[in-house]
Asker: 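So that we are looking at the same thing, I have put the structure below in structure tokens.
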Protein chains: 2
Amino acid sequence: MGIQDDAAEIRASGWRTLAALHGLIDSALEKALQAEYRLSVVEYTVLEALSRQDGWHMRMQQLARAAALSSSATTRLVSRLEERGLLGRYLCADDRRGIYTELTPQGRELLRVARPLHDATLEATLTGAADVPELAPLVRALHDLEPAPASPAGA
Amino acid sequence: MGIQDDAAEIRASGWRTLAALHGLIDSALEKALQAEYRLSVVEYTVLEALSRQDGWHMRMQQLARAAALSSSATTRLVSRLEERGLLGRYLCADDRRGIYTELTPQGRELLRVARPLHDATLEATLTGAADVPELAPLVRALHDLEPAPASPAGA
DNA sequence: CAGAACTATTTGCACAAGCAGATATGCCGC
DNA sequence: GCGGCATATCTGCTTGTGCAAATAGTTCTG
């Protein structure tokens with residue numbers, strides 16, 4: 001049984017490291033984007049996901065998966081961004097249950113100006129994490145990953 | 001400028017992968033622990049962090065760092081667990097601002113029975129993620145990490 | 001020792017998230 | 001075309017979170 005325990009402890013330890021690094025990056029991005037552009041990380045993620053779509057539009061549920069949110073949370077998130085004029089909703093003709101969201105010019109513009117801060121914060125946080133002994137190996141591993149396709153979670 | 005953009009896109013892509021895997025594991029653990037033991041992932045994390053401490057006690061702020069929570073969230077989390085009899089609060093003699101929390105026997109018992117489900121869920125989720133092309137490399141990288149010391153975030 | 005500056009914890013408040021249920025639409029067999 | 005079932009989105013409600021301010025205790029300075 002010792003062998004099983006060891007394997008479980010290795011996984012648990014890896015999970016703790018993953019969670020720690022995730023939390024570090026997430027809160028750094030959250031603070032930076034919130035302070036400068038009044039955007040949460042999920043909101044940025046949604047804008048960014050939309051910008052990577054051909055035609056810049058997506059259905060609510062695709063969005064929910066891309067942002068790892070429930071559909072109710074997605075509804076409200078889209079409503080918030082819509083009220084700020086960053087994206088628009090419109091019915092889709094072929095399936096009238098579905099609703100497409102589309103980036104407005106203002107949404108694209110906000111993303112354009114926010115992206116440098118996002119990227120710089122990400123870089124700075126990763127650099128900082130590389131100096132923390134417990135996180136460094138994971139940071140290196142991340143760096144060595146092959147660039148993943150557009151939507152890791154959207155499959 | 002193309003080179004910088006590439007580097008930024010590699011980091012962004014790694015971050016998306018990290019977030020996706022984190023979300024996957026987190027929600028799987030959340031559902032499993034919540035359904036069986038009425039414990040959230042953070043609550044489990046706190047119990048587990050306490051169990052790894054010599055003497056099973058920690059100050060609120062250590063706990064806050066270990067769980068990556070604000071101090072107010074920590075206060076309420078500890079209150080919830082205290083009401084369920086899983087841990088106790090007591091003043092610490094040398095610094096009377098500080099409050100120690102300590103696992104009760106019931107807390108240790110709950111952790112003992114919950115840990116197998118936690119570990120099994122973690123294993124199952126990682127195994128599942130290894131079949132998702134975008135996540136597989138990160139899963140492998142995690143597995144190859146050297147076992148990190150007790151508290152990756154607590155430093 | 002008095003007062004200022006700092007640290008630890010708790011409370012008031014506002015907000016975003018999930019679940020369950022409601023509503024509308026699509027699809028299938030008959 | 002009609003009931004029955006699945007899918008997409010939205011709404012009501014509860015809960016957990018962070019920020020800012022309040023409170024209590026420590027430490028440093030003169």
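All values below come from the heavy atoms of this structure, side chains included, with hydrogens, waters and symmetry mates left out. Bear in mind the structure is a predicted one, so any value in this text is a computation, not a measurement.
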Asker: Starting from P on D:dT9, measure out to CG on A:Leu63 and report it in whole angstrom.
Answerer: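 Result: 10 Å.
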Asker: Which residue is it: A:Val139, A:Asp144, A:Leu145? I am looking for the one with a side chain to side chain contact (heavy atoms under 4.5 Å, CB included) to A:Leu142.
Answerer: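 The option that passes is A:Leu145.
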Asker: Roughly how many Å is it from CG in B:Asp94 to C1' in C:dT7, rounded to a whole number?
Answerer: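 Rounded to whole Å, this separation is 14 Å.
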Asker: Could I get the full list of side chain to side chain donor-acceptor pair (under 3.5 Å) partners for A:Arg115, not counting sequence neighbours?
Answerer: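 Result, side chain to side chain donor-acceptor pair (under 3.5 Å) vs A:Arg115: A:Glu48.
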Asker: Looking at residues at least two apart in the chain, or sitting in another chain, which of them share a salt bridge (Lys or Arg N to Asp or Glu O under 4.0 Å) with B:Arg89?
Answerer: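 Expected list: B:Glu82.
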Asker: Would you compute the distance between atom CE of A:Met60 and atom CG of A:Leu77 and round it to the nearest 0.5 angstrom?
Answerer: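 Rounded to the nearest 0.5 Å, the CE-CG separation comes to 8.5 Å.
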Asker: Please list all pairs meeting side chain to side chain donor-acceptor pair (under 3.5 Å) that have one or both residues in residues 97-106 of chain A, counting only residues at least two apart or in different chains.
Answerer: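 Sorted result for residues 97-106 of chain A: A:Asp95-A:Arg97.
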Asker: So if I take residues 24-51 of chain B and measure heavy-atom distances to DNA chain C, which residues fall below 4.0 Å?
Answerer: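 Correct list: empty, so none.
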Asker: Kindly point out which of D:dG25, D:dT17, C:dG18 is positioned nearest to the side chain of A:Ser70?
Answerer: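 Among the listed nucleotides, the one closest to the side chain of A:Ser70 is C:dG18.
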Asker: A:Ser13 side chain to A:Glu9 main-chain N or O, any donor-acceptor pair under 3.5 Å?
Answerer: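 Not confirmed, A:Ser13 side chain does not pair with A:Glu9 backbone.
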Asker: Which atom pairs, donor and acceptor, lie under 3.5 Å between side-chain atoms of residues 107-114 of chain A and protein residues at least two apart or in another chain?
Answerer:
{"unit_1": "A:Arg108", "atom_1": "NH1", "unit_2": "A:Leu103", "atom_2": "O", "d": "3.3"}
{"unit_1": "A:Glu109", "atom_1": "OE1", "unit_2": "A:Arg112", "atom_2": "NE", "d": "3.1"}
{"unit_1": "A:Glu109", "atom_1": "OE2", "unit_2": "A:Arg112", "atom_2": "NH2", "d": "3.0"}

Asker: Output one letter per nucleotide in nucleotides 8-15 of chain C: B when a protein non-hydrogen atom lies under 4.0 Å from the base, S when only the sugar-phosphate is that close, - when neither is.
Answerer: SSBBBB--
Asker: Measure the distance from CG on A:Leu77 to P on D:dT9 and round it to the nearest whole Å.
Answerer: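 A:Leu77 atom CG is separated from D:dT9 atom P by 14 Å.
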Asker: Return the NE2 to CG distance between A:His118 and A:Leu39, rounded to the nearest 0.5 Å.
Answerer: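 Going from NE2 on A:His118 over to CG on A:Leu39, the span is 10.5 Å.
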